[in-house]
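On a predicted model such as this, the values are computed, not experimentally measured, just so you know. Chain naming here is simple, since letters A, B, ... match the order of the sequence lines and numbering starts at 1 in each.
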Number of protein chains: 2
Amino acid sequence: MIDPYEKFQRFCIAAGLKSSKPREKVAQLFLSSQEHLSVFRAYEKLKEQGENIGYSTVYRTLNLLVKAGLAETITYQGETYYENKAANLHHDHLVCNKCGKTIEFSCASIERLQTAIARKHNFQVQSHSLILYGLCKDCNKEKKAKQ
Amino acid sequence: MIDPYEKFQRFCIAAGLKSSKPREKVAQLFLSSQEHLSVFRAYEKLKEQGENIGYSTVYRTLNLLVKAGLAETITYQGETYYENKAANLHHDHLVCNKCGKTIEFSCASIERLQTAIARKHNFQVQSHSLILYGLCKDCNKEKKAKQ
DNA sequence: ATGTTTGCAAACCCTTTGCAGGCCC
DNA sequence: GGGCCTGCAAAGGGTTTGCAAACAT
């Protein structure tokens, strides 16, 4: 299993792209991060690190990472989040409708069922997204307290 | 089990809304449709029917249907699709990355597992979205033919 | 030198909002 | 007639693109 960052570099070379510091920084930030990064968060984090990298570059690099097969996107409330495909092999999400918190989980049984369903439809799965929306522990408690 | 359209009317009354033809038309179109409607498609279909209803009204009505619990939204490639919650009790989706076609399926076993996971996290599920992305039968065949 | 990358600003797309006139009750 | 509804146009938020200057090879 090769290093994701190396995989990204190889992808760039294969695509005829030149190397550049801003792109490296964005890719490294993303690949070393465990959470789902929105473009905004990525931009902020880079700024905190003293890097002054424009939004367009962040966008362009994150989209490159998707093309390279290293990232996946999920959309939540109109915003796109990029998630590291290499880090945790697979995880799905519980998203709280009230506070927006996300909890990750993974379930091999669900994965197996998904594979079975796809096969039944002659469908070749490339990625998937499973999100359960509702109220998290805390927000649910609050709600009950009010009643 | 009451008629979804009646449920919508009751919801409107309860919310202190007056009735209006444009809203009725949009709601009826949506509730009698089996597919996932984008705002654009809904707008077009209404136009085909000779109705001249503005985008805002379509948006407002579809969002009302969500509030009424009759519709759910899924986001695909930056566009929001509204889906009839009453029609098929539950279905998840296979979405082709190439031609965009969506295939519906439902799987009680997956639903059960989801419930179990949510309980484990003290999470109260309100809705969920499961999408498998990949290549449909036809696009997959094409791809193989080219090789 | 040639071609790619960058940051900025402008353009873009989908969605929401403000508003004047119209419709419902 | 008061208040909600409509359609239009304008604003809004996130994302992409055009461009001139900077950079890599």
Atom-pair distance ([atom1] on [X]; [atom2] on [N]), nearest Å:
| X | N | atom1 | atom2 | answer |
| --- | --- | --- | --- | --- |
| B:K67 | C:dT16 | NZ | C1' | 12 Å |
| B:N52 | D:dT6 | CG | P | 14 Å |
| A:L17 | C:dT6 | CG | P | 9 Å |
| B:L46 | D:dG7 | CG | C1' | 14 Å |
| B:L64 | C:dT15 | CG | P | 16 Å |
| B:K21 | C:dG22 | NZ | C1' | 13 Å |
| B:E79 | C:dC13 | CD | P | 12 Å |
| B:Q77 | D:dG14 | CD | P | 20 Å |

For this session: Determine whether more than 12 heavy atoms belonging to other residues, nucleotides or ligands lie under 6.0 Å from atom OH of A:Y55.
Result: yes

Is a side-chain donor or acceptor of [X] paired with a backbone partner of [Y] at a separation under 3.5 angstrom?
| X | Y | value |
| --- | --- | --- |
| B:D92 | B:S106 | no |
| B:S38 | B:R41 | yes |
| A:S32 | A:Q28 | yes |

For this session: Would you mind telling me which residue lines up with the more 5' stretch of DNA chain D, B:G16 or B:V58, judged by nearest nucleotide?
Result: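 With B:G16 and B:V58 compared, the 5'-side residue is B:G16.
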
Exercise. So which one's nearest nucleotide on DNA chain D is more toward 5', A:N63 or B:I53?
Worked result: B:I53

Exercise. Do the side chains of B:T102 and B:H36 get nearer than 4.5 Å, heavy atoms only?
Worked result: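 In short, these two side chains touch, coming nearer than 4.5 Å.
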
For this session: Using only heavy-atom distances, decide whether a donor-acceptor pair under 3.5 angstrom links the side-chain of B:K18 to the base of C:dC24.
Result: yes

Exercise. Side chain of B:T57, base of D:dC5: donor and acceptor closer than 3.5 Å?
Worked result: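 Answer is no: no donor-acceptor pair is held.
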
Problem set entry | 5'-most by nearest nucleotide on DNA chain C - B:G78 or B:S19 |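 The 5'-side residue here is B:G78.
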
Exercise. A:R60 near the nucleic acid: base, sugar-phosphate alone, or nothing, with a heavy-atom cut-off under 4.0 Å?
Worked result: base

For this session: Please work out if B:S20 contacts a base, only the sugar-phosphate, or nothing of the nucleic acid, heavy-atom cut-off 4.0 Å.
Result: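 Sugar-phosphate, no base atom in range.
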
Problem set entry | Among D:dT15, C:dG7, D:dC5, the one nearest B:R23 by side-chain distance | D:dC5

Problem set entry | Any B:Y59 side-chain nitrogen or oxygen under 4.0 Å from OP1 or OP2 of C:dT15 | yes

Exercise. So, is A:S56 near the phosphate of D:dT15, with a side-chain N or O under 4.0 Å from OP1 or OP2?
Worked result: no

